[in-house]
Amino acid sequence: MLLTTKFLRPSTDRRAIRRDRLNTLLEPADAKRLNLVVAPAGFGKTTLLAQWRARSTGSTAWLSLDEHDDEPRRFWQYLIGAFEHAGLPGLEACKPLLVHDQDETATGTITALINQLAADGGQWALVLDDFHLIRDDRILRALAYLIDYLPPSVTVTLASRTEPHLPLARWRVRRWIEDIHPALLAFSEGECRQFFQDTMGLDLSDSEADAICRRTEGWVAAMQLTALTGARGQESQPTSAPRLQVDERHISDYVLSEVLSQQSAAATEFLLDTAHCPRLCGSLCDAIRGSQDSQQWLEHLLSQNLFLIPLDTQNQWFRYHDLFRDALLHRIRHLDPDRARSLWRKTVDWLLDHGHVQDGILQIVKEADWPWLASVLAEHGNNLIHGGYHLPVLGWIESLPPELIHDSPQIQMLRCWALFFANRLDTLDPLLTTLEDLLDRRVADSHPDAEGALGLQSEISLIRSYLARTRSDDRSASVLTRQVLKDIDHTQIPLKSVTYYGVGLDYFGEGLLLDAEDSLLSAIRYGQVERKPSTVLSSGGLLAWIQYNRGDIEQALSTCTDVRAWVDQHYADPSQPRLISCWQNSALAEIYRERNQPELAAAHLAPLLEHVDRGTEPGQHVIIQYVRGHLAFSEGRLQEAFEVLEDAVRVGRKRRDHIVFEPPASSALLARCYLAAGHPDQALECLEPADAGSFSNPLNREQYLISCARVQVALEQPDRAQEILSSLLSAAERNAHNRHLVEILLVYGEALDLQGRHEEAVEMLDRAMAKASEAGFLRLFSEESPRLQTLVRTLPALQAPGAWNQDLRTLLGDYRPAEPDDQPGPADPGAQTTANPALLPEPLSQREMEVLALIHDGHANKDIATRMAVAPATVKAHIRNLYGKLGVGRRTEALARARELGLLSR
């Protein structure tokens, strides 16, 4: 049970100050997704938001958070409850999804909520009050996912005492955020008068209040400090006080001097000594000050509301208000530049020593200390690159003077790795050659770092092995990788994880799935030791993809869960985008699609689509589009499947030289879409540009040949199909290509039945069912031809008890055997046309039924588009889906089949 009072918007006090200018900022805008209202306690955040929503016409889901809500399931239960309480319909499906979501990420629940908000289409505002009480990383990551994919009609508003650890920098670049911070909460002169008189209860004249407002530019924190330090009498002389000069958000030196002048000498010294810290904690401040009392000072400054903003709810991490910190830096650099430089170096040293490498590097870059930057990159750059920060590293390297790059093999090697991960492969060969020449000279001259040069040679060989894969030179890639593996124990460079990942890719390319699995397990193990999260994710994702193809679906899910948990435990930073793997998300999308859980499949696919839109490595582009097309094909969205698979085929052919592995055979899946649409000739045509010899990966070659066999069956050439499939069967069994083995047996059975060999067909289909049941494959049956699905429905083995059999019967539609006196012949699948729409592999949608009725009435496509008020292309898409579900290729066949199924009157 949920506490419904948490969903009630606080009532507004008629004495409260109306903030119309802030209300305008909070209103929805074209690109905006988030209002972020961050200020200390007592800044009127809740009052402001309550006033705003009271005067708004859109729907409001309000949730007042408390300390008990910092738990994923409870948080999402209450958030769904807030929308339900506010009247959003259709949320019944979200609650059971929350129970089934793995590792409390709520991915399925969030996806369902997003879909329902999109379907509702109305203007919605979600207000989360007291959000600083939420600090669980799992909640923050999931909320970031929600905001990333919200429909444009929804605006989220967070009221918090601290800035939440969300990807705010990325969202600000996209103009998704409206920031309401203390500077924006500053009062006008009229608001200031009302504030002092009604809110603060101070007996000030209008002129005194106006003077304070002018002196502080309406900054509430400064006004409070003025009151607390007893400066009211001084502030009440507006004619003699100089007017404040504000440049954008910078507060004037005059106000800063007034603030510091009111502090004790010890407090002033603490403020100036810690001004270089981008973030503050007790141990950092102790280290640079040489003291043990910094935590007490921080808590004292916080209690005085002295421009110190807490970054957590435990009072461990803080930051100064940016304007205040800039002024402090200006002051100490002016008073004592040598001490300022010393404090800055101590700050950066502490950040680097305690794992805050990026913060430290940013401070070095600001000061343009290029030799120190080169030294830090040489030490930490490799881990940053393999942690997913290759683009920042590349930018930092490019900022270095050329002579520092030229004299440093480590920096040159880092640049090569950064370019490699950025997929700028065309630039690598000359850079690698230059670096090799430099290393050869160092070894020949017995340079003090000759041993390091040998380690870098191994890294060069590793990159060259990946480049060889882009040229389909698998032999060279394998030789180079194994040489690195042999030499790696004699170097100081931690490269085992990346090397074993390359070995796994080689075995996968050869179709040796068991060997690939062993290598990838080693890559994961060494990646965890070497702290390389991107390699761990990629290796785990490819391993899950292989386990899925071998039929170990539960093991594949376990692999994904374990790898994700390790990465989130060691490298989770909610303020940064979540590190994801194309292989892992694609594998999860395929697994959940196969298990007939399309919402979860779409949830794992969604983060990858953004990378396709923004541009990604071409091999990843092909994989993502393949998985996207497969999901669309499974759900009968053939028009979308055609578009994305044609794109995958085009990119795969055009960018082959930039792909380090052979992606799935998109043309084979595209051919299946044409078959589903009733166009076997077009299916054959899309397969003809390739042949089996053009695929180096046996999995892709099998996939291509199975589609060729399906086309031959559709063209009623079962002998040719049988010839193709016979050559695949033993190899698929031997190499544990179990998913393809099931498909081979199914299509083989259909070919045998088409030849009139019904008993042999049943034997083949029984083998397919046994293997599929063991592995947990399900959806692949509904993706086969209507004729083959009908054959599977008639199998006695399908009627056996068991959850998998029941799921398959439900998916294919229940089949009731005919009476003995009207039993159709075994080789006459067309005779079993009973008036039962459940025989369809997937029922017709309401729109498809409308199109069918209009076709029955004799209307052309253009007339149908006019009557349905849709575009002609949309009508064509509906007709393609209609043909695919009915298993026909033209209008007359569609009408005849619909009558047989009882969808139309005769």
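For H737, the ring pair (Phe, Tyr, Trp, His ring centres under 6.0 Å) test picks out no residue, with sequence neighbours left out. Every residue two or more places apart in sequence or in another chain was checked for a side chain to side chain donor-acceptor pair (under 3.5 Å) with Q682, and none qualifies. For D148, the side chain to side chain donor-acceptor pair (under 3.5 Å) test picks out R170, W171, with sequence neighbours left out. Applying the side chain to side chain contact (heavy atoms under 4.5 Å, CB included) test to A775 and every residue at least two apart in sequence or in another chain returns F777.
Proximity of a side-chain donor or acceptor of Y145 to a complementary backbone N or O of A603 within less than 3.5 Å is detected. Remark: side-chain polar atoms of S773 are not paired, donor with acceptor, to backbone N or O of M769 under 3.5 angstrom. Under a 3.5 Å cut-off, the side chain of R809 and the backbone N or O of L798 do form a donor-acceptor pair. With Y704 contributing its side chain and L687 its backbone, the two residues share a donor-acceptor pair below 3.5 Å. A distance-only check finds no donor-acceptor pair linking the side chain of N697 to the backbone of P663 [under 3.5 Å].
Side chain to side chain, E750 and S785 meet the donor-acceptor criterion of an N or O pair below 3.5 Å. S782 and R779 share a donor-acceptor pair across their side chains, judged by distance under 3.5 Å alone.
Taking the charged nitrogens against the carboxylate oxygens, R767 and E763 have no contact shorter than 4.0 Å, which rules out a salt bridge. Between R628 and E643 there is no salt bridge, since no side-chain N of the basic residue sits under 4.0 Å from a carboxylate O of the acidic one.
Rounded to the nearest 0.5 Å, atoms NE2 (H740) and CG (L705) are 10.5 Å apart. Here the straight-line distance linking atom CG of L600 with atom CG of L588 works out to 9.5 Å at 0.5 Å rounding.
The 12-atom threshold is exceeded at CD of E610, counting heavy atoms of other residues, nucleotides or ligands nearer than 6.0 Å.
The salt bridge (Lys or Arg N to Asp or Glu O under 4.0 Å) analysis of residues 515-524, with sequence neighbours excluded, yields the pairs E517-R550. Within the structure, side-chain hydrogen bond (donor to acceptor under 3.5 Å, both in side chains) contacts touching residues 580-591 (residues at least two apart or in different chains) are Y501-W583, E590-R593, E590-H630.
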